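Order of the sequence lines sets the chain letters (A, B, ...), proteins ahead of strands, with each chain counted from 1. Bear in mind that the values here come from a model prediction, so they are computed numbers and not experimental data.
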Amino acid sequence: MSKESSQHGHHHVLPLSTYLGVASALLILTAITVWVAQFHFGEWNLVVAMIVAATKAILVALIFMHLLYDNKLYLVVFASSVLFLAAFIIITMFDTLRRDDIYEFLEKPIHSNAAMYQVDSTKTAAGMDSLKTMMPADSTAK
Amino acid sequence: MAATVADTKASMAYAEVNYLNEPKGLKSWLLTLDHKRIGLMYFFAIMTMFFLGGIFALLVRLELFTPKQDFFGADTYNKFFTLHGAIMVFLFIIPSIPAALGNIILPLQLGAKDVAFPRLNLASWYVYVTGALFAIYSMVTNAVDTGWTFYAPYSTTTNTAVISMTMAVFILGFSSIFTGLNFLVTIHKLRAPGMTWFKMPLFVWGLYATALIQVLATPVLAITVVLLMLERGLGIGIFDPAMGGDPVLFQHFFWFYSHPAVYIMILPGMAIISELITAFSRKQMFGYKFVGFSSLAIALTGFMVWGHHMFTSGQSELSAVIFSFITFLVGIPSGIKIFNWLATMYRGSITLQTPMLWAFAFLFLFTIGGLTGIFLGAISLDIHLHDTYFVVAHFHYVMMGGTVMALMGGIHYWWPKIWGRMYNEKLARFSVFFVFVGFNVTFFTQFILGTRGMPRRYYQYLEQYQTLHEISTVGSWLLLLGFAIMAFYLIHSIFKGKVAGNNPWGALTLEWTTSSPPPAHNFERQPIAVNGPYDFDKVAAEITYEGTPGFGETVVAKKETTEVKH
């Protein structure tokens, strides 16, 4: 495999075996996606799916789209755009996944031996119920 | 290498054939591919918008002179502050330094004939004008009253012209991306022979960091306003909780662009200040690499802090803590810049000409703006100060006290290069004085108003705030006076100004080696960067400036006799 320059008019030529190898890797990864769908990992479903999908995307970008053989600057540019997208989504998820943390204090007494819990057990239970109805719907669901 | 007398005379002359008069005719301007002409067209468009946005600001301040309704009602007031914000942010301050001064100066500083994609450059101006027309359409039909942030769900339910204004923002974003892309490629590909990355002027470093943000962040703004338009036009529930959307998500989308956009505004300003400080201190930049890389550091950390606009929005406590922490990190590269500028001036040979006065105004005002940003980044304090005049004062100190002061400094610094003529230095100093004093009178009072609980965006208020509001409004008139003086002497100088010569400040970057105004292709011969941009200690500069007309003092012309050591 010669190290040709990536100047205009000089296209890097890859051997057919590389293309076929990558193609079969992509097919195997697709099969893994189908196979893994029968297992339930709960919150990790997303992580597993993303790992498989990201591996496929990286293979396509690096080999089929020649990023690996081109000026490395383009690789940096491409990778940084993916990183910024990831930063946007992940940091936003710090909010959306944890937003009902704000209401946690409603779910348990702040001072469990406070006077209001000592008076009458039936009254207290009623009081807690009314507190629960004040909570937002998604918080009670949790 | 002492220059000959003939050379010196040539360098003091006005270049008769230059980009301003060759070729002639309106068509040659409207279809020009010359970066200097495109930059000038941007300059006029942007100054028009600055004027328009300024009028709205003055009207808002006028209404606030008394606690009662004076001149217009609540709805009109809402429209006016929205138009002030939207015009100033999207049509003036974001394109101001990169698209106007950057376009004119960047290729000159790199020693290039033009930017990498001249046609894309011209297209970006037309895209900008199209965006401006959409904004004006929105203004004259039923102006938006949402504030420049277009927060959902109000923006999806108000009956004002939200779609045309957000369409304007969408279009203007592309203009910004075109400029950023063009600059990135120009900086990578068109540097003069010998100009390595660390021999680039710091203005170029600043524009590089800015261009990165423009290219990476602006698409998110486009996505945001498209989602908003989809929700408003087609009733698809994305942000409106009544339709199953999430209003805090809008704020995430919006600020993921608009916080980095703050750095699109301030980084080029800082870049200008780096040029001014070295040029008027006649000293090598202290910590050149740190100043260059701190621009990149600000650009990158700037992407991770958007949630500090949302501490009271109902986002999770976890995010609030993370955003608060990362916000403090931005203070580090900003502090690096401030201290390096101060260290550059230490033991420099400082001359207090107009551009340097603007740089001092920047240092003073931006430091106040930056430090009050630290107050607001602290969550507990922000709960109290959120949506008060303290926030208004803070971002005006950063945006106007920072970027606009730097822009004015840049305009005064490169004015003789752009027009070949010098403005009246004495009037220029009056202008700096009135703008600086007027600015502080207008906005420092707003810090006090804010800490006492005056909420922003209210057109009536409790009587206890009246005195401070009156002082603030009077300050806005002083600002008007300062800018009016400036408009007068700048326009006057174009026609009647004293000929400036090639290098009136004795600076060393490449744009000063060509004639003023430069010829159509910038340089007679391909310039070569032998020394660094600020090697005042190495270069035997033939410094020929003789003070400036009107101020009554003559700066002693320096003639250093040392040979250039290669």
Any A/Ile91 side-chain heavy atom under 4.5 Å of B/Trp306 side chain:
yes
Atom CZ in A/Phe94, atom CG in B/Leu318: separation rounded to 0.5 Å?
6.0 Å
Flag if over 12 foreign heavy atoms under 6.0 Å of CE, A/Met50
no
Contacting region of A/Leu97 [heavy-atom separation from chain B under 4.5 Å]:
neither
Check whether more than 12 heavy atoms from other residues, nucleotides or ligands sit under 6.0 Å from atom NZ of B/Lys199, and answer yes or no.
yes
A quick test of your reading: do over 12 heavy atoms of other residues, nucleotides or ligands sit less than 6.0 Å from OH of B/Tyr151?
yes
Is the count of non-hydrogen atoms from other residues, nucleotides or ligands lying under 6.0 Å from B/Phe325 atom CZ greater than 12?
no
Ring centre gap for A/Phe88 and B/Phe303 strictly below 6.0 Å:
no
B/Phe323, part contacting chain A, at a heavy-atom distance under 4.5 Å
side chain
Separation of A/Asp95 CG from B/His252 NE2 (nearest 0.5 Å):
3.5 Å
Is it true that, when you exclude B/Tyr154 itself, more than 12 heavy atoms of the residues, nucleotides or ligands shown sit nearer than 6.0 Å to its OH?
yes
Let me confirm one number: the OG1-CD distance from A/Thr96 to B/Gln315, rounded to the nearest 0.5 Å.
10.5 Å
Heavy atoms of other groups near A/Trp44 CH2, more than 12 under 6.0 Å:
no
Answer yes or no: are there more than 12 heavy-atom neighbours, outside A/Lys72 itself, under 6.0 Å from its atom NZ?
yes
Given the options B/Leu216, B/Leu212, B/Leu300, B/Val215, which has more heavy-atom pairs under 4.5 Å with chain A than any of the others?
B/Leu216
So do A/Arg99 and B/Asp246 actually touch side chain to side chain, heavy atoms under 4.5 Å?
yes
